[in-house]
Protein chains: 2
Amino acid sequence: MTSLSTNRPPRVTIREVAHRAGVGIKTVSRVVNNEPNVAPATAARVRAAIDELKWEPDAHASNLRRTTTRTKSVGLLLGSVANPFSATIHRAIEDIAIHRDVAVFASSLDDEPEREIAAVEAFVRRKVDGLILTCAAHSQAYLTELVPPEMPVVFIDREPADFAADTVHSDNVGGAELATRHLLGFGHRRLALLIDRREIWTARERERGFLAALAEFGVSADTATIVADLSDQDAAERAVTTLLSVPDAPTAIVSGQNLITVGAVHALRRLGRHHDVALVGFDDVELADLLEPGLTVVAQRPQEMGRVAADRLFASLDTGHRLPPAAKVIPVDLIPRGSGEIRP
Amino acid sequence: MTSLSTNRPPRVTIREVAHRAGVGIKTVSRVVNNEPNVAPATAARVRAAIDELKWEPDAHASNLRRTTTRTKSVGLLLGSVANPFSATIHRAIEDIAIHRDVAVFASSLDDEPEREIAAVEAFVRRKVDGLILTCAAHSQAYLTELVPPEMPVVFIDREPADFAADTVHSDNVGGAELATRHLLGFGHRRLALLIDRREIWTARERERGFLAALAEFGVSADTATIVADLSDQDAAERAVTTLLSVPDAPTAIVSGQNLITVGAVHALRRLGRHHDVALVGFDDVELADLLEPGLTVVAQRPQEMGRVAADRLFASLDTGHRLPPAAKVIPVDLIPRGSGEIRP
DNA sequence: TTGAAAGCGATACCAA
DNA sequence: TTGGTATCGCTTTCAA
């Protein structure tokens, strides 16, 4: 083998454009970067030359010398891109980003703390302009040294610890209260709560709301069963099966998350108890209205969450630095469809 | 405001590392790029200097001069990141990419041709290493001039036109045949097919399969109703309502896509015909097994599709050039759950 | 309003 | 096995 032919395609450079337009390269640079002090006629000639030559500025070359470099990309950390809740957030963010010609990197964490850090590292290394993250780790202190001080960060769905930044999340306490109060209002006194691992902030918040509603109705927490550590559908299904097999079993269930809800519905159906045990799920699921009975849920607004988070991120990006951290709480909506209106 | 302070952090450069290690910069370059011809002792000294100075090579500077530049990112074009089918593909690809430290950009096209081209442009401009795309445009000829000749491209879910590259898709014709044959086997003779716009390749393929099965059973295509241009749930719901309002209405429905299936189920329920009109959907949907009757579907294997597509992309990337285009057809699975086993 | 010259931080080539 | 030097394509600086 002799000619290892670099085969580099004959790139069009700024120099050729400048020559074609009969100006200096600095003037071409001014035009493409919308800098002031270019005569309209000159700018027009330059633009014509750019079009004729089909020149595209080389991003690497620009960013090399530039002080404030933008990759026009953002990093998004989610539970899983395959989870409908996360996917809806993702789409909402993409819809805002695309208007600004910003591309979105997404990464699935599966609630594993190490993956959160690895993903942040990976995105920072790729020099994303900003980060939107659903945190999985116990503390976000690591962000202080990992993320450049001017890079905007927005937390979505969960509040961070040891790191101050914008946060957007559902009214978890209020939503769980609403669900629980709804069941209590229908006469239930033996309730169960099914939640994910307590390391997860939303699980803790929803538990707080559940307990607050019980207290409000003067129902002792001792009469309630709380099953935690339910991180997938199968675990939830097994938990409900066990739950209902004991004497004085709960007559109503609050599910703390969409996967748990689906698992619970499966269990109730298999046991033939779906017309008998009340169920309210946190977060809506597809086809919930077509089940028999319809599935009552406290619906979140993932699209709104994504939109608000993206707006906030771009606001920081526009001002050129992080805005003072603010927290935005998104309301939830109780949707009665049948399963939550069953009496004990 | 006075000091617009560039605030550029004092960057560590390769020069300082070379000085510290007592070598030339080219030797440092050799070490970080694992090039041959470096004495082990020298390499060790260089590595020590890199660690001490915490030097990280500047990606922009490297990529500027480098001929074969890798950003360790790939672009993924999907129907919508919020559609469960697309989202599952996305996740499968991410799971493979992450092992190679490759990040994934995703873009939702909503089946709009212009967005396909815009998304490809956006990704090429960001110098992704490869592209996986569900095409929405009529022709992919544009890729020839838009995409660098060595950049690997894999089509997923749909076959491209006017551009040869790897393709991964379901057995659409076979799947539609399977669904239709299933209904014909239960005695149905007046069938309806609900599909998306015929510009979409999968819609055309599934129509072919539907017609083939009819022919196989000696049923004239004239007795069948084909409703096309159904691109969302509402349209499907309306179509089914209209469909069943005429005399000699179809007794069985084949739905060509997940959104259409959900719309059809809604219509049947609203009309109270769900125990009466048979339905087989293409592509599985969440909770399908808990409906009454259960929803019979021809399930696709989105996870397998994503995995195969990603494997193929990385195989091309590993060899350093596009592999000869190959087509991989992924099997589908008929899952009988009740709605497809209703007799006329 | 304009442009010439001096980098930016790495890689490529070639001589030592 | 090494390292000097010429780039890479653009932004910055500064003088015209």
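These values consider heavy atoms only, across backbone and side chains, with no hydrogens, waters or symmetry-generated copies. Below, chains carry the letters A, B, ... as their sequence lines are ordered, and counting in each starts from 1.
Qualifying side-chain contact (heavy atoms from CB on, under 4.5 Å) partners for A:Glu159, counting only residues two or more places apart in sequence or in other chains: A:Thr167, A:His169, A:Trp201. Residues forming a side-chain contact (heavy atoms from CB on, under 4.5 Å) with B:Pro148 (at least two apart in sequence, or on another chain): B:Val124, B:Glu150, B:Met151. Residues satisfying the side-chain contact (heavy atoms from CB on, under 4.5 Å) criterion with B:Pro302, sequence neighbours excluded, are B:Phe85, B:Thr88, B:Ile89, B:Gln300.
The distance between atom NE2 of B:His60 and atom C1' of D:dT11, rounded to the nearest whole Å, is 13 Å. Atom C1' of nucleotide D:dC10 and atom CG of B:Leu64 are separated by 8 Å, given to the nearest angstrom. When the C1' atom of D:dC10 is taken as reference, atom CG of A:Leu53 falls 16 Å away, rounded to whole Å. Straight-line distance from the CD atom of B:Glu56 to the P atom of C:dA10: 11 Å, rounded to whole Å. Between the P atom of C:dG9 and the CD atom of B:Glu16 lies a distance of 9 Å, rounded to the nearest Å. The nearest whole Å value for the distance from the NE2 atom in B:His19 to the P atom in D:dG3 is 13 Å. Between the CD1 atom of B:Ile14 and the P atom of C:dC8 there is a distance of 14 Å, rounded to whole Å.
Screening residues 88-121 of chain A for ring pair (Phe, Tyr, Trp, His ring centres under 6.0 Å), with sequence neighbours left out, gives A:His90-B:His90, A:Phe105-A:Phe123, A:Phe105-B:Phe105. Within the structure, side chain to side chain donor-acceptor pair (under 3.5 Å) pairs that include any residue of residues 303-313 of chain B comprise B:Asp166-B:Arg312, B:Arg301-B:Glu304 (at least two apart or interchain). Screening residues 43-79 of chain A for ring pair (Phe, Tyr, Trp, His ring centres under 6.0 Å) gives A:His60-B:His60 as the qualifying pairs, with residues at least two apart or on separate chains. Among residues at least two apart or in separate chains, there is no ring pair (Phe, Tyr, Trp, His ring centres under 6.0 Å) pair with a member in residues 303-329 of chain B. Among residue pairs with one or both ends in residues 40-49 of chain B, none qualify as side chain to side chain donor-acceptor pair (under 3.5 Å); sequence neighbours excluded. Residues in residues 114-138 of chain B take part in these side chain to side chain donor-acceptor pair (under 3.5 Å) pairs, two or more places apart or across chains: A:Asp101-B:Arg125, B:Thr71-B:Asp129, B:Asp110-B:Arg115, B:Glu116-B:Gln140, B:Glu116-B:Tyr142.
The shortest distance between side-chain heavy atoms of A:Asp318 and A:Arg100 falls below 4.5 Å.
Take the nearest nucleotide of DNA chain D for B:Gly24 and for B:Ala61: the residue whose nucleotide is more 5' is B:Gly24.
Between the B:Ser108 side chain and the B:Val81 main chain, a donor and an acceptor come within less than 3.5 Å of each other.
A sub-4.0 Å separation between OP1 or OP2 of C:dT2 and a side-chain N or O of A:Thr27 is absent. Taking 4.0 angstrom as the limit, A:Ser29 places none of its side-chain polar atoms (N or O) nearer than this to OP1 or OP2 of D:dC10.
When the local axes at the two ends of the helix from C:dT1-D:dA16 to C:dA16-D:dT1 are compared, using 5 base pairs at each end, they differ in direction by 30° after rounding to 10°.
Scanning residues 30-50 of chain A for heavy-atom distances under 4.0 Å to DNA chain D yields A:Asn33.
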Review item, nucleotides 5-7 of chain C N/O atoms under 3.5 Å of protein N/O:
unit_1, atom_1, unit_2, atom_2, d
C:dG7, N2, A:Arg65, NE, 3.3
C:dG7, N3, A:Arg65, NE, 3.1

